[in-house]
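What follows is a short report on a single structure.
Computed from a predicted model, the values in this text were never measured in an experiment.
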Amino acid sequence: MCLALAGDLDYDTCGDVLDQVRQALLDRDDVENLRLNCRELAVVDSMGLSTLLQIHRSARADAIRFHLDDVGPAQPARGHRHLRVPDRPVSRVIRQARDGRSRA
């Protein structure tokens, strides 16, 4: 299953996105892969990241492989220009954080 995300994935929209993804998965019981196309995403804030993690965990619990496709260059969220955007794949950053390692 491939779903496209567009606009901002933030505090105001993440509940709706999570509900829509969950409903799409409930409507089909034969899903082996969940692909979220991120080409049209403009901003992802901390709640958006949390939502992506929730979707990933739910998919994994149901033995569904989770993929983020067409992830563009990261842009700092509005009002957070001091944040450093990692120059390596997010999956590697997440894996290192989970394993307790840190490489900047």
Side-chain angles (χ1 to χ4, degrees):
M1 171 182 292
C2 184
L3 303 172
L5 302 175
D8 295 347
L9 182 57
D10 59 14
Y11 179 82
D12 295 325
T13 62
C14 63
D16 290 336
V17 169
L18 186 58
D19 290 343
Q20 289 178 24
V21 170
R22 286 181 173 162
Q23 187 59 50
L25 290 173
L26 285 175
D27 291 343
R28 302 218 5 224
D29 59 354
D30 62 340
V31 177
E32 294 180 10
N33 290 283
L34 172 60
R35 304 189 87 83
L36 298 182
N37 187 302
C38 301
R39 179 182 299 137
E40 299 297 321
L41 273 181
V43 172
V44 178
D45 70 3
S46 61
M47 285 295 294
L49 288 174
S50 176
T51 300
L52 293 174
L53 286 171
Q54 285 179 299
I55 294 169
H56 176 255
R57 289 177 183 141
S58 294
R60 185 175 57 197
D62 292 334
I64 297 171
R65 288 182 291 278
F66 178 75
H67 310 272
L68 292 176
D69 295 334
D70 293 321
V71 177
Q75 299 294 322
R78 289 177 226 129
H80 297 280
R81 304 246 182 255
H82 62 280
L83 295 177
R84 181 178 173 274
V85 178
D87 58 354
R88 56 198 160 167
V90 172
S91 60
R92 185 171 156 201
V93 173
I94 292 171
R95 186 169 45 253
Q96 288 174 352
R98 184 178 53 229
D99 295 341
R101 293 178 291 180
S102 176
R103 291 186 193 136

* To do: Work out which heavy atom in C14 is nearest to a heavy atom in T51; give both atom names and the distance.
  => CB-OG1, 2.9 Å
* Using atom types as modelled and distance alone, determine if a side-chain donor or acceptor of S58 lies under 3.5 Å from a backbone N or O of I55. => no
* Return each pair, listed once, that meets salt bridge (Lys or Arg N to Asp or Glu O under 4.0 Å) where at least one residue sits in residues 17-29; pairs must be two or more places apart or across chains. => R28-D30
* Structure fact -> Scanning both residues in full, the closest heavy-atom pair of I64 with V31 reads CG1-O, 3.5 Å
* Min side-chain heavy-atom separation L9-L52 under 4.5 Å -> yes
* E32 atom CD, neighbour heavy-atom count above 12 within 6.0 Å -> no
* Structure fact -> Y11 meets the side-chain contact (heavy atoms from CB on, under 4.5 Å) criterion, sequence neighbours left out, with D45, M47
* Main-chain N/O of D8 paired to T13 side chain as donor or acceptor, under 3.5 Å -> yes
* To do: Side-chain contact test, heavy atoms from C-beta onward, threshold under 4.5 Å: evaluate it for D62 versus L25 and give yes or no.
  => no
* Structure fact -> Interatomic distance, CZ@R60 vs CG@L53, rounded to 0.5 Å, equals 9.5 Å
* Structure fact -> Rounding to 0.5 Å, atoms NE2 (H67) and CG (L34) come to a distance of 8.0 Å
* Go through the structure and list residues passing side-chain hydrogen bond (donor to acceptor under 3.5 Å, both in side chains) with N37, not counting sequence neighbours. => D70
